[in-house]
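Here's the structure we're looking at; comments come further down.
Chain naming here is simple, since letters A, B, ... match the order of the sequence lines and numbering starts at 1 in each. Predicted model only: the values in this text are computed from it and were never measured.
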Protein chains: 2
Amino acid sequence: MGTPSMQKQSSADKVLKVLDLFTEDAPAWTVEMLMTELGATRATTYRYLKALYDAGLLAPGAGSSYVLGPRIIQLDRQIRRSDPLLQIAVPLLEDERSPLIGAKNISSLYGDQVLSVYVERCDPDIVLTMQRGRVFPLVYGSPSRIILAYLPPYQMKNFYTANAEEVARAHLGDTWEEFRTSMRRLRKHGHCIGNEMNRTVVGISAPIFHDKSAVSASLSYVRRVEFTSDEQKAELVDLVMTAADRISKQLLSYKPENGAKGPVFTTPRMSG
Amino acid sequence: MGTPSMQKQSSADKVLKVLDLFTEDAPAWTVEMLMTELGATRATTYRYLKALYDAGLLAPGAGSSYVLGPRIIQLDRQIRRSDPLLQIAVPLLEDERSPLIGAKNISSLYGDQVLSVYVERCDPDIVLTMQRGRVFPLVYGSPSRIILAYLPPYQMKNFYTANAEEVARAHLGDTWEEFRTSMRRLRKHGHCIGNEMNRTVVGISAPIFHDKSAVSASLSYVRRVEFTSDEQKAELVDLVMTAADRISKQLLSYKPENGAKGPVFTTPRMSG
DNA sequence: GTCGTGATCTCAATAGATGAGATTTCTAGT
DNA sequence: ACTAGAAATCTCATCTATTGAGATCACGAC
């Protein structure tokens, strides 16, 4: 990280970088604040804001402030409705009513990150940190790890060379060979059990494939750890692996219905 | 609609307009398709895609196709977490367990549109068309109309002059005076009952204010029409008006906690 | 290791971005 | 309805970034 060459910056890049300023800690920005932050004049700042406002990505707030706009919420709905994974998985998961399951989660692979895309709380008293939209690194948490374990060899290799330290810190192996072995073991089991993300629950994750040997997501069933016996864990393993397998099978035969033009799956990019 | 003067188009505008191509009916675009659609060369098309990909708004899919990206899902979560309306309203609504309520909805005013931002299904068998992210015009549906009724005078006037036909078509008045009267009546009742959006349910909506006489959203309680007596409607009116009022009161005294810099409410713009 | 597709680079010509201040548009209060 | 004050847009000359065409590069697949 840190190539000395300063990349040439296009205008669109500069406009889009404004979006990154709108974080949870700073959800609203006044024009004055943006001017100093961008080092631009009032006219230019308004030009940037207008571009984002016209796209609906920002909305004017009180005073001369701006906040994230309605288009984001609309686009998220569009994704929810056009994602074949959710189209297939959600009805299946809603039919699954085993009382063992405290919560269900689907996490998708995007590039070298894993994004939670669906959370269903079944046990009303369970404490969940997962929400649609949370991002995790590939080494952290069982939903991520089971995806990591099923990456194609070259991607796994790339990932390791770029993230050897994180892998070691996560106790997934201090060398490439150790790492490969632990990943092989995960594949052999076909699932991953963890409770490091949230100490009050156990999560059991199984891989979802959108193509033969191309992992795209994971399904996790979660339960409060205090009430979970080993037998129940074993049963949850069965449940989650069966459900994930059923989802994968339907995904393999998925054909878009409503005239959708082409595939809708993402492919990972290890570059970063 | 239809100013003869062709507006000068900035580069950022062109890049952002690419996002509009990704609709529910066309969730995935190949580079070739985008080239013909944009009338641009391969190099330019890739430049646009790279800008949006680097921002996370698009993600590469199978083949040389692109789909909406993970950043949208993340940003939606950010909005959910930083919106004071949801911070205040959701806990209050989750405590409300009256069996009369089949579903709950919060809709927010953005510009001259109303966006559904929260939906909670209470009756598991109710058929809902509302979802977070759906957009409605200001004249259509009770969640919209109760917001329309409480717009400040100049905005209401602006809205009427720009949308007289739609207002008449929605039977809200054939003249400005008639419109003003029907809006006054809605304000007098303090709520709006409707079932035009979804014939199988009745919805009852009450306004939510984020400032004295500045409407920002509406709360709606919904129930299957087949099971709803007039007495139950009256009780639902009480429930929704009480809850909306409680939310408004808390919003008025809302102060951001976590060092958020400034207000987070949107102000309408009637320009369109 | 080697092939093939998908993505990026190079360079000259051209089209768009920028800053400063005036101007217009919008909103709130009387 | 009218007006004061603020918010957003416009104008124009200068300068810098974007564009297209083709070659080249990089990465994933076998």
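Residues meeting the side chain to side chain donor-acceptor pair (under 3.5 Å) test with K249(B), sequence neighbours left out: D245(B). In this structure E178(A) satisfies the salt bridge (Lys or Arg N to Asp or Glu O under 4.0 Å) test with no other residue, sequence neighbours excluded.
At least one side-chain heavy atom of L172(A) sits under 4.5 Å from a side-chain heavy atom of M183(A).
A salt bridge links D20(A) and R71(B); the closest N-O separation between the charged side-chain nitrogens and carboxylate oxygens is under 4.0 Å.
Side-chain proximity of T41(A) to the nucleotides dA7(C), dG19(C), dG22(D) is greatest for dG19(C). Taking every side-chain heavy atom of S10(B) into account, dA17(C) is the closest of dT10(C), dA17(C), dC10(D). Minimum atom distance to the side chain of Y46(B) is reached by dG6(C), of the listed dT19(D), dG6(C), dA8(D).
Closest approach of I146(B) and L186(B) over heavy atoms only: CD1-O, 4.3 Å.
What separates OH of Y48(A) from P of dA17(C) is a distance of 9 Å, to the nearest Å. Rounded to whole Å, the distance from CE on M156(B) to P on dT27(C) is 15 Å. Summarising the geometry, the separation between CG on D54(B) and C1' on dA7(C) is reported as 12 Å, rounded to the nearest angstrom. Note: CD (E32(B)) to P (dT5(C)) measures 12 Å, nearest angstrom. If you take NZ of K50(A) and C1' of dT18(C), they are 17 Å apart, rounded to a whole angstrom. We find that CD of Q155(B) is positioned 10 Å from C1' of dC26(C), with the value rounded to whole Å. dT8(C) atom C1' lies 9 Å from atom CZ of R47(B), rounded to whole Å. The CE atom of M35(A) sits 13 Å away from the C1' atom of dT18(C) (whole-angstrom rounding).
In terms of phosphate contacts, S11(A) brings no side-chain nitrogen or oxygen within less than 4.0 Å of OP1 or OP2 of dA17(D). For T44(A) and dG19(C), the shortest distance from a side-chain N or O to OP1 or OP2 is below 4.0 Å. For the pair Y53(A) and dT9(D), the criterion of a side-chain N or O lying under 4.0 Å from OP1 or OP2 is not met. At dT18(C), one or more side-chain N or O atoms of K14(A) fall inside 4.0 Å of OP1 or OP2 (strictly under the cut-off).
Comparing A40(B) and R42(A), the nucleotide of DNA chain D nearest to each residue sits closer to the 5' end for R42(A).
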